[in-house]
Asks: 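First the structure, then my questions, so here it is.
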Amino acid sequence: MEIHAVRGMHDLFGEEMDRWRTVESRLREIATSFSYQEIRTPVLEKMEVFSHTVGDETDIVEKQMYTVLNEGTEKLVLRPEGTAGFIRSVVEHQLQQTGHPQRFYYYLPMFRHERPQKGRLRQFHQFGAEIINDPSPEADAEIIAVLDQVYRSFGISEYEVRVNSVGCPECRPAYKELLKEYIRPNLDSLCGECQKRFERSPLRILDCKKPNCQGVVQSAPRMVNHLCVNCQGHHSTFLHALSAAHVKFTEDPNIVRGLDYYTRTAFEFTSDLLGAQSALGGGGRYDGISTRFGAKTFPGVGFALGMERLLIALEAKQAIQANPQSPVFYFAPLGEAAYHRLFPLSFALKRRGVPTLMAYEKDKGLKWLMKQADRLNAKYALLLGDDEIKHGKAILKDMKTSEQEMLDLHHLEESLMRKTT
Ligand code: HAM
């Protein structure tokens, strides 16, 4: 019986894995250079972590969560996104109590039961960053600048940074009513999904991709024109800070995000390099979220990018090379005596941090061994047979130039180490 991986969940290996590792280390470098510290939260969280924050009526909570029953009763969820679990963890460990701004990043697998297609998976990976305890609009600009730096650092310029403000609990309810009044006469032309959203989440209609719905809201009133004084001030300082951080952006009144926790700044990075799933990453401010965990309110802002989508963009641009891990030395023993000499030496080198591989098969000839050294892309092959042992020598072959040199068998470890400097 053939058993396959779960639909929408992929194995990573070979050149693809090499590309991922290169990207992952770049992401960590960027996070470190912007002074963000890594945090890891568990894959499983209690259902309420998401239903209370991401929102009961969002696509994620309504239909995309993988749930697991804990001891037959308690509903646990495979995390569909990183922010809610992050805030749960901050509150649980009282990390916000210092009152000082703190910066965190995470790189974690996420799970959403969506219809798989290019760039849309059921297990995918997000790299995200969050700042807590900083209400300043400049923090919003910084978060966007970090995400912008990721694409810039890989030489990708084919993306747009779309920003908006979704207001706050003070100004959003009145805007919601205004929007509903505007849409109401055309309610029948909306898609079924948007008709359902109309009463409780009318803002989501703004980002529906269906042409009819887009037509209905094309000239709808804009949230940015109905912000309260505080949100207005925040938004205009944010836009200035973003320009000052040299990030190119466009204001897009339809960026409202598919998660309920946002206040004020909301943004998305989109790219034509991706095809239908054009969102490279997104995020925003979520100042009220902590109260849903029973904590006093503290400010937060962050982003998450989809790794798989970043990789698609990099491949489309051919901006990333696989960087295969190759051994420095491939040990090729010819015969039992050579095997016993080289086996311990291979471990001595590995322990000194030098990637060394050895053929364990004892019945293989020189041709086969050289083929392996070639296939593994080893820098050097070390050949040892009974004749060489008799003369106290080993042969080191440079696999690129095919040059060979004789090394003294009694000082082999040190001679090989010298080759690595
Ligand atoms: P999100 O927009 O739901 O935001 O997801 C962020 C990114 O994850 C998307 O832009 C996309 O690149 C990637 N992504 C989402 N779903 C999939 C999927 N099924 N397959 C592949 N990639 C996907 C959040 O998750 C928020 N937690 C972001 C945030 C952080 N807001 C504040 N802080």
Side-chain angles (χ1 to χ4, degrees), residues 47-65 77 80-84 87 110 112-115 120 162-228 231 235 251-268 270 277-279 282-293 300-304:
M47 167 84 101
E48 308 81 77
V49 168
F50 304 104
S51 53
H52 289 174
T53 55
V54 172
D56 273 330
E57 291 182 15
T58 57
D59 287 351
I60 293 182
V61 172
E62 258 189 359
K63 44 192 178 198
Q64 295 173 354
M65 293 200 304
V77 171
E81 63 96 52
T83 311
I87 293 296
M110 306 289 162
R112 294 185 192 175
H113 194 270
E114 298 193 75
R115 198 168 43 79
R120 188 162 70 192
R162 302 167 185 274
V163 304
N164 192 22
S165 174
V166 293
C168 70
E170 200 182 306
C171 50
R172 202 182 308 147
Y175 171 72
K176 263 189 184 175
E177 287 312 312
L178 194 69
L179 185 63
K180 277 164 71 178
E181 285 323 302
Y182 178 86
I183 293 172
R184 202 183 304 278
N186 295 309
L187 196 52
D188 291 345
S189 354
L190 296 179
C191 69
E193 197 88 337
C194 283
Q195 292 193 11
K196 272 195 257 154
R197 289 173 179 149
F198 178 75
E199 275 309 326
R200 300 194 52 181
S201 319
L203 268 71
R204 290 295 316 282
I205 300 171
L206 294 173
D207 82 344
C208 179
K209 303 287 175 284
K210 307 235 171 61
N212 271 2
C213 303
Q214 284 187 352
V216 170
V217 297
Q218 202 173 22
S219 312
R222 298 178 166 200
M223 181 77 233
V224 282
N225 297 330
H226 298 274
L227 297 173
C228 59
C231 286
H235 194 57
E251 288 188 71
D252 183 341
N254 295 339
I255 296 294
V256 291
R257 310 282 293 133
L259 307 97
D260 276 358
Y261 48 63
Y262 293 108
T263 51
R264 298 186 170 167
T265 306
F267 61 88
E268 253 164 43
T270 55
Q277 297 304 316
S278 64
R285 181 163 279 283
Y286 48 85
D287 290 346
I289 199 174
S290 49
T291 55
R292 304 179 201 183
F293 292 101
V301 58
F303 77 76

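All values reported here derive from a predicted model rather than from experimental measurement.
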Asks: Is there side-chain contact between Arg172 and Thr263, with heavy atoms separated by less than 4.5 Å?
Replies: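 When only atoms from C-beta onward are counted, Thr263 and Arg172 do touch, with a gap below 4.5 Å.
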Asks: Of all the heavy-atom pairs spanning Gly55 and Asp260, show the shortest one and how long it is.
Replies: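 Nearest heavy atoms, Gly55 then Asp260: CA-OD2, 3.3 Å.
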Asks: Atom CD in Gln214, atom SG in Cys191: separation rounded to 0.5 Å?
Replies: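 Going from the CD atom of Gln214 to the SG atom of Cys191 covers 10.5 Å.
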Asks: Taking the side chain as everything from C-beta on, heavy atoms only, tell me whether Val216 gets closer than 4.5 Å to Ile205.
Replies: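 No - every pair of side-chain heavy atoms lies 4.5 Å or more apart.
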Asks: Can you check whether Pro80's main-chain N or O pairs, donor with acceptor, with Arg112's side chain at less than 3.5 Å?
Replies: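 Flag set: sc Arg112 to bb Pro80 pair under 3.5 Å.
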Asks: Does Glu81 pair with Arg257 as a salt bridge, N-O distance under 4.0 Å?
Replies: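 A salt bridge is absent here (no side-chain N lies under 4.0 Å from a carboxylate O).
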Asks: With sequence neighbours left out, write down each residue that passes salt bridge (Lys or Arg N to Asp or Glu O under 4.0 Å) with Lys180, or none if nothing qualifies.
Replies: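 Lys180 satisfies salt bridge (Lys or Arg N to Asp or Glu O under 4.0 Å) with Glu177, Glu199 once adjacent residues are dropped.
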Asks: Go through Tyr175 and Leu203 one step at a time and tell me if the side-chain contact (heavy atoms from CB on, under 4.5 Å) criterion holds.
Replies: CA-CA 9 Å; Tyr175 171 72; Leu203 268 71; 3.9 Å; yes
Asks: Given Asn164, which of Ile255, Thr265, Leu206 fulfils the side-chain contact (heavy atoms from CB on, under 4.5 Å) condition?
Replies: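 That would be Ile255.
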Asks: Less than 4.5 Å apart, side chain to side chain, heavy atoms only: is that true for Arg120 and Arg115?
Replies: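 The answer is yes, as the side chains (C-beta and beyond) meet within the 4.5 Å cut-off.
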Asks: With no hydrogens and no angle check, just 3.5 Å: does a side-chain donor-acceptor pair link Thr83 and Tyr286?
Replies: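 Thr83 vs Tyr286: no donor-acceptor pair found between side chains.
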Asks: Can you name the nearest heavy-atom pair linking Val166 to Ala266, along with the distance?
Replies: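 So the two residues come closest at CG1-CB, 4.1 Å.
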Asks: Out of curiosity, Arg162 CZ to Thr270 OG1, how far, rounded to the nearest 0.5 Å?
Replies: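 Interatomic distance, Arg162 CZ to Thr270 OG1, rounded to 0.5 Å: 4.0 Å.
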Asks: Quick one: salt bridge (charged side-chain N to carboxylate O under 4.0 Å, His left out) pairs with a partner in residues 206-222, sequence neighbours left out?
Replies: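 Applying salt bridge (charged side-chain N to carboxylate O under 4.0 Å, His left out) to every pair that reaches into residues 206-222, excluding sequence neighbours, yields Arg204-Asp207.
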Asks: Show, in sequence, the C-alpha distance, side-chain angles and deciding distance for Ile60 and Phe50, and conclude whether the side-chain contact (heavy atoms from CB on, under 4.5 Å) test is met.
Replies: CA-CA 9 Å; Ile60 293 182; Phe50 304 104; 5.8 Å; no
Asks: Could you tell me the separation between the CZ atom of Arg285 and the SG atom of Cys231, rounded to the nearest 0.5 Å?
Replies: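 Between Arg285 CZ and Cys231 SG, I get 10.5 Å after rounding to 0.5 Å.
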Asks: When you compare the side chain of Glu193 with that of Asp59, does any pair of heavy atoms fall below 4.5 Å?
Replies: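 Side-chain contact under 4.5 Å: yes.
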Asks: Could you walk me through whether Phe267 and Asp252 pass side-chain contact (heavy atoms from CB on, under 4.5 Å), step by step?
Replies: CA-CA 9 Å; Phe267 61 88; Asp252 183 341; over 6 Å; no
Asks: Minimum heavy-atom separation for Leu178 to Pro221, with atom names?
Replies: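 Looking at all heavy atoms of both residues, the closest pair is CD2-CB, 3.9 Å.
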Asks: Can you give me the closest heavy-atom contact between His226 and Cys171, atom names plus distance?
Replies: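 Of all heavy-atom pairs spanning His226 and Cys171, the closest is O-CB, 3.7 Å.
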Asks: In the structure I gave you, are the side-chain heavy atoms of Val77 and Val49 within less than 4.5 Å of one another anywhere?
Replies: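 Result no, sub-4.5 Å side-chain heavy-atom pair not found.
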Asks: Rounded to the nearest 0.5 Å, how far apart are CZ of Phe293 and CD of Glu48?
Replies: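 Rounded to the nearest 0.5 Å, the CZ-CD separation comes out at 9.5 Å.
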Asks: Would you say Arg184 has more than 12 foreign heavy atoms packed within less than 6.0 Å of its CZ?
Replies: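 Yes.
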Asks: Taking the side chain as every heavy atom from C-beta outward, state whether Lys196 and Glu62 have any atom pair closer than 4.5 Å.
Replies: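 In short, these two side chains do not touch, never coming nearer than 4.5 Å.
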Asks: Keeping the roles fixed (side chain from Gln195, backbone from Leu190), state whether a donor-acceptor pair exists under 3.5 Å.
Replies: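 Pair found, side chain donor or acceptor close to backbone of Leu190.
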Asks: Of all the heavy-atom pairs spanning Val224 and Ser165, show the shortest one and how long it is.
Replies: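 Answer, listing the atom of Val224 first, then Ser165: CG1-N, 4.1 Å.
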Asks: Between atom CE of Met223 and atom NE2 of His235, what is the distance when rounded to the nearest 0.5 Å?
Replies: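 Result: 10.0 Å between the selected atoms.
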Asks: Donor-acceptor check, side chain of Arg292 to backbone of Thr53, threshold 3.5 angstrom: yes or no?
Replies: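 Answer holds: yes.
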Asks: More than 12 heavy atoms of other residues, nucleotides or ligands under 6.0 Å from CD of Glu170: is that the case?
Replies: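 No, because the 6.0 Å sphere around CD of Glu170 holds 12 heavy atoms or fewer from other groups.
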Asks: Taking all atoms of both residues into account, what is the closest heavy-atom pair of Pro202 and Lys176, and its distance?
Replies: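 Here Pro202 and Lys176 meet closest at CG-CG, 3.9 Å.
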